[in-house]
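Down below is the structure, laid out as structure tokens.
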Amino acid sequence: MSKNQNKTGSYSFFNCIEKNFDKAARFISIKKGLLEQIKACNSVYRMHFPVKIGKEIKVIEAYRVQHSHHKLPCKGGIRYSMKVNQDEIMTLAALMTYKCAIVDVPFGGSKGGIKIDPQTISSENIEKITRRYTSELIKKNFIGPGIDVPAPDYGTGEREMSWIFDTFLSLRSGDVDALACVTGKPVSQGGVRGRKEATGLGVFYGIRELCHVKEDMYSVGLDVGLVGKKIIIQGLGNVGYHAASFFHESGAIIIALAEREGAIYNEKGLNVSKVFLHLKNNGSILNFPEAKNIENTEKALELECDILIPAALENVIHKNNANRIKAKIIGEAANGPITPEADEILDKKGVIIVPDIYLNAGGVTVSYFEWLKNLSHVRYGRMEKKFRENVNAEFLKVIETVCKKKISIEEKKMILRGPREIDLVRSGLEDTMINGFHKIRDLKKSLKIENIRTAAFVLSINKIIDSYEKLGIFP
Ligand code: GLU
């Protein structure tokens, strides 16, 4: 057993990322000490605080980790789960650093976590815990628009972000930029349109881009394009649900969906919105009328398909099931769903893996747009929408005169439309994901890097080195 392996023979989560980092370091020629600085977590804040739940006092364990201060503020979600521990939060914070660099989001990486099971705690108590956690962060200067900006993650959403903002504002009243202390807020509380579905939509854009590359598709025996591709998605949370919906709308076939309690399968395809309705009404995806149940949810990952999207938690594909995975493409919508051992097995099998540090960066990209919106105090499109519509109307008049032809009302509506906030956010996200994909792919080709993950790490580390150099830290 190597020094990096724990008793169960598997690597700690942080060591997994270090392994990926070290593979990339072979393609980078700077001093080892400098690479060590990039790899290390800059600050780890572990806290315990008491919360009165019913008649009892419960001691809550929580974390905020800032992995890198090479750019500020730090940025990363907060997760609520009984699996939260220091190693996990440190790893997820590191992933945020690499993720932000890839998609040109000018932040260092961070992550937070509270060790609770939100499904067994009342909303009043979750609110109490969230507010107390926020005041702990404020006390230690671990939150603020220019310091560290949380966002939703596993087990948290708009509701928790609103409480965080409200707590921050009540303790920092008069701070005109207070809205920018957290992202993923509801639109009515300074959120940006398009944030909720952003990670899932980013996953869709990233995979769509890959599917348009002839050379890559032929290398795994697939046709170009998304239409007709058979897809399995694990996890119907915010990310998995939206990714599934976008794939379904684009003509791909969702043959299986997996949740904690089991999976459902239909070779001809599942209607994602109907499945979601069934889940809402029954509290489970099982027994969906148009599908077969698969009791052992892990088995769903091993079904024959073109694309597998793990969109739940880390380490779900490991050395014991990697050999049985039949997908030709795996898109990491979750953070760290594949262990390094599984990664090597899948690589040898020729599976194309689109890594988390690129593929699920849509969430933080749109968080960046929200942060900018909060600092500029104006909704996207507010200044230019009408102006654009007026200019478009003038253009139309000229075209109609020159062509001596009237344009239909439907066409007019489409051409005249000025950009709304949602249009601008989505186009910014689409452009970011397309550019990110090609930058990684071009680097992979030019340096003859073995896979997309290593190429993504090389791209990211190079960008971080560049900012440290410009800061004057690395002479
Ligand atoms: N929790 C998300 C992630 O892991 C989003 C983070 C953010 O928006 O800051 O990427």
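In this chain, residues are counted from 1 in sequence order. One-based numbering, in listed order, for ligands and for the atoms of each.
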- Query: Within the side chain of K185, is there an N or O that forms a donor-acceptor pair under 3.5 Å with the backbone of L179?
  - Reply: yes
- Ion pair present between E332 and R453, side-chain N to carboxylate O less than 4.0 angstrom? yes
- Note on the structure: Across all chains, not counting sequence neighbours, the salt bridge (charged side-chain N to carboxylate O under 4.0 Å, His left out) partners of R441 are E215, D216
- Query: If you look only at pairs with a residue in residues 92-114, which of them pass as a ring-ring contact (aromatic ring centres under 6.0 Å, His included), with sequence neighbours excluded?
  - Reply: F21-Y98, H67-Y98, Y98-F457, F107-Y368, F107-W371
- Message: Going by the rule salt bridge (charged side-chain N to carboxylate O under 4.0 Å, His left out), which residues pair with E298 if we only count those two or more places apart in sequence or in a different chain?
- Response: none
- Y241 and F276 aromatic centres sub-6.0 Å: yes
Output, or 'none' if empty, a list of ligand 1-protein atom pairs in which both atoms are N or O and the distance is under 3.5 Å, rounded to 0.1 Å.
| unit_1 | atom_1 | unit_2 | atom_2 | d |
| --- | --- | --- | --- | --- |
| ligand 1 | 1 (N) | P152 | O | 2.8 |
| ligand 1 | 1 (N) | D153 | OD1 | 2.7 |
| ligand 1 | 4 (O) | K99 | NZ | 3.1 |
| ligand 1 | 4 (O) | K111 | NZ | 2.9 |
| ligand 1 | 4 (O) | D153 | OD1 | 3.4 |
| ligand 1 | 4 (O) | N335 | ND2 | 3.4 |
| ligand 1 | 8 (O) | R195 | NH2 | 3.0 |
| ligand 1 | 8 (O) | S367 | OG | 2.6 |
| ligand 1 | 9 (O) | K75 | NZ | 2.8 |
| ligand 1 | 10 (O) | K99 | NZ | 2.8 |

